[in-house]
Amino acid sequence: MFIPLLGLEFIENRKERERETSSPINNASKMEMETEVSAEKKEIVVLLVGPPGSGKSTFCESVMKSSHRPWSRICQDIINNGKAGSKAQCLKMAIESLKEGKSVFIDRCNLDREQRSEFIKLGGPHVEVHALVLELSAQVCISRSVKRSGHEGNLQGGRAAAVVNKMLRSKELPKLNEGFSRILFCYNDADVENAVKTYTMLGPMDTLPSGSFGLKNPDTKSQPGIMNFFKKVSAVPAASSSSNEVTTPKANEKIEIFRVSPAKLVVPTLAFPSISTADFQFDLDKASDIIVETAEAFLPKLGSARLVLVDLSHGSTILSLVKAKASRKNIDSGRFFTFVGDITKLHSQGGLHCNVIANAANWRLKSGGGGVNAAIFKAAGPDLEAATRARANTLLPGKSVLVPLPSTCPLHNAEGITHVIHVLGPNMNPNRPDCLNNDYTKGCKILREAYTSLFEGFLSTVQDQSKLPKRINQATVLDSGEEDSERNKKFKGTIASNTKSGSVDDSGKKRSKGWSSWALALHIIAMHPEKHENIVLESSDHIVVINDQYPKARKHVLVLAREESVDGLEDVGRENIQLLEEMQNVGMKWVQRFQHEDPSLIFRLGYHSVPSMRQLHLHVISQDFESDHLKNKKHWNSFTTSFFRDSLDVLEEVKSQGKANLESEAVLKGELRCNRCRSAHPTIPKLKSHIRTCPSPFPHHLLQTSRLLARPDSSN
DNA sequence: GTTCTAGAAC
DNA sequence: GTTCTAGAAC
């Protein structure tokens, strides 16, 4: 509670100054003061964030009643001649008000990030954007909106509860990194009263301290990292040589360097967990009827495609019920069957090839919670979260959403899964949202809808796939025959022998000869890609492609050279021109692949002048630099200064002068400049918040020479 | 390369 | 008091 008061103290000081400036006594000094103060004068855009009934309009009216600052309240519910209007109309009116020197309240729900983003863009040198979050309990909001009459949004009575509930489902609390200069959270009437005071006291020349205030229970969710090279090196072979109850088809894929792709699958297969019968406590007998009936109805539409109900345990009741009922109905057990295993490891551990898996999702489509949902999100990594977010924010019971998995996603790569279908069933558990209170008439209807929607989603992937030429899977033919445990021993030995001793300089190189152990990871993978199947995205005789373990942007892969003696750019000569060309071509292919998935991505391909890790590697990196792993000056400068040598420049230089020009490591210590507008920023967080919204085009030299790879139709 | 953390900067 | 950097250790 002390924080809004701090704000008030701040205003008090400013008020003193304002009084002085408005004194008519000394005109000359008044002019001086005015100039000084008006140089700082800023309009404010306040986005009210809260569902209907949270008190947004009341808040605005209370402030405007006695504020000395000119305010304009922009309410989407009445903007259209007293009727509800559009977001665009609100934006237009906000711009007009700001031009007139008025600060603005955006009085609409603004509950999710996307809804807010356009308004945040109103911010600039003379406009600050604040969020005022009315986090009152859903009950309070609902009871207020149910009771009220004559509300502008015409949202009253019974319909209000449903609308409020629906809106709260897709709620995302605002964060400073969206571009707000200040966020204030209110949880009760006292908080709101304080907030009203704070904004009422705000004179035309005043500003409020920036930052986020009053947040309770901040969301501390951390992004799970992608694969860990070092852990994988020892963990993978060890795991596969032990406890696999079912078959161990690990060796099956050995001759396939390009992992399982949908075109190579003979039979499209959907693996799905039983929906609603675990945490949602749906009756198993009723659920098994619905599964069998819906599957039976769908099989004729699915051609040769298969449906597989999966559960973790051999003792699964739902599995045995479904098995028995399907058999009684004489359903083709080659096309509809049950399977015991981890749905995220059906191929690697169970030998079952599935290209689509279903997730028993939660309504927020968020990771966590346990069970299948947690397992799938964990196995798929952040790629699935991003791909899901691109399709939907929430899910209603009985519905599903089909999410294509990016080609770099571990689940795609290691298990051959191309799509995840999130599906939400009915809930019979009183401790979970939207409990149906044992209403099985409704429950069965929704569960049937859920499976229908799921199978329809799968059907759509089957139809897409049937357009592709079908190829036979050759992967089951060969096996190298080498013992995993033996391999593992040898492998560990290699690392150990390289880490014995020697002084290490700051780029991981030993001064004499050899590298620090962590700096060898890329070299080890390049030399033996077949031992790193789980992380290798592609490989040939000359190159290996992997995800950067700590990506510094939304997309960041490495093309490793497989040449033993080429540790970095300084070792490259004319004899490597073909290699450099192949690396460039492979890099371009990945750019195209990524841009096919997201056309707005922009890429550069290049090398670090002085690499930290052994083995020449080409960075293929999207230019958003949107990554929690980008943490310090060295990270930023290594990709955005002359230290980053564009692949095409390197090629030209090696062809013309036999070697590439290298930039000194000294530039890594230089100031932090925006990669678009070149403005300097004092800290990494400030730089990152700037680059999120920097509207400038990229520097001329990159745009002109196709060093920068953007889709022609992208608006950047 | 990352992680950890002391202490500078705000 | 919190945020952020930079250096040591790995």
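So that the names make sense, note that chain A is the first sequence line, chain B the second, and so on, each numbered from 1.
For the pair A/Lys633 and A/Glu671, the salt-bridge criterion is not met [side-chain N within less than 4.0 Å of a carboxylate O]. Contact check on A/Asp598 versus A/Arg554 returns a salt bridge, with a Lys/Arg side-chain nitrogen under 4.0 Å from an Asp/Glu carboxylate oxygen. Ionic pairing of A/Asp649 and A/Arg707 is present here: one or more N-O contacts between side-chain nitrogen and carboxylate oxygen are shorter than 4.0 angstrom. Salt-bridge annotation for A/Arg645 and A/Glu652: absent, with no side-chain N of the basic residue lying under 4.0 Å from a carboxylate O of the acidic one.
Closest to the side chain of A/Lys631, out of B/dT2, B/dT3, C/dC10, is B/dT3.
Here B/dT3 presents its P atom at 13 Å from CH2 of A/Trp518, a figure rounded to the nearest Å. Straight-line distance from the CE atom of A/Met613 to the C1' atom of C/dC10: 13 Å, rounded to whole Å. One atom, NE2 of A/His556, and another, P of B/dG1, lie 9 Å apart when rounded to the nearest Å. With rounding to whole Å, A/Asp628 atom CG is found 11 Å from B/dT3 atom P. Distance CD (A/Gln615) to C1' (B/dG1): 15 Å, rounded to an integer number of Å. If you take CG of A/Leu672 and P of C/dT5, they are 7 Å apart, rounded to a whole angstrom. Atoms CG (A/Leu630) and C1' (B/dT3) sit 16 Å apart, rounded to a whole Å. Distance A/His619 NE2 to B/dG1 P: 6 Å, rounded to the nearest Å.
Contacts between residues 680-690 of chain A and DNA chain C, defined by a heavy-atom separation below 4.0 Å, involve A/Thr683, A/Ile684, A/Pro685, listed by number.
A side-chain donor-acceptor contact under 3.5 Å links A/Ser103 and A/Arg69.
For the salt bridge (Lys or Arg N to Asp or Glu O under 4.0 Å) test, no residue two or more places apart in sequence or in another chain qualifies with A/Arg389.
Using a 4.0 Å heavy-atom criterion, one finds that A/His635 contacts the sugar-phosphate atoms exclusively.
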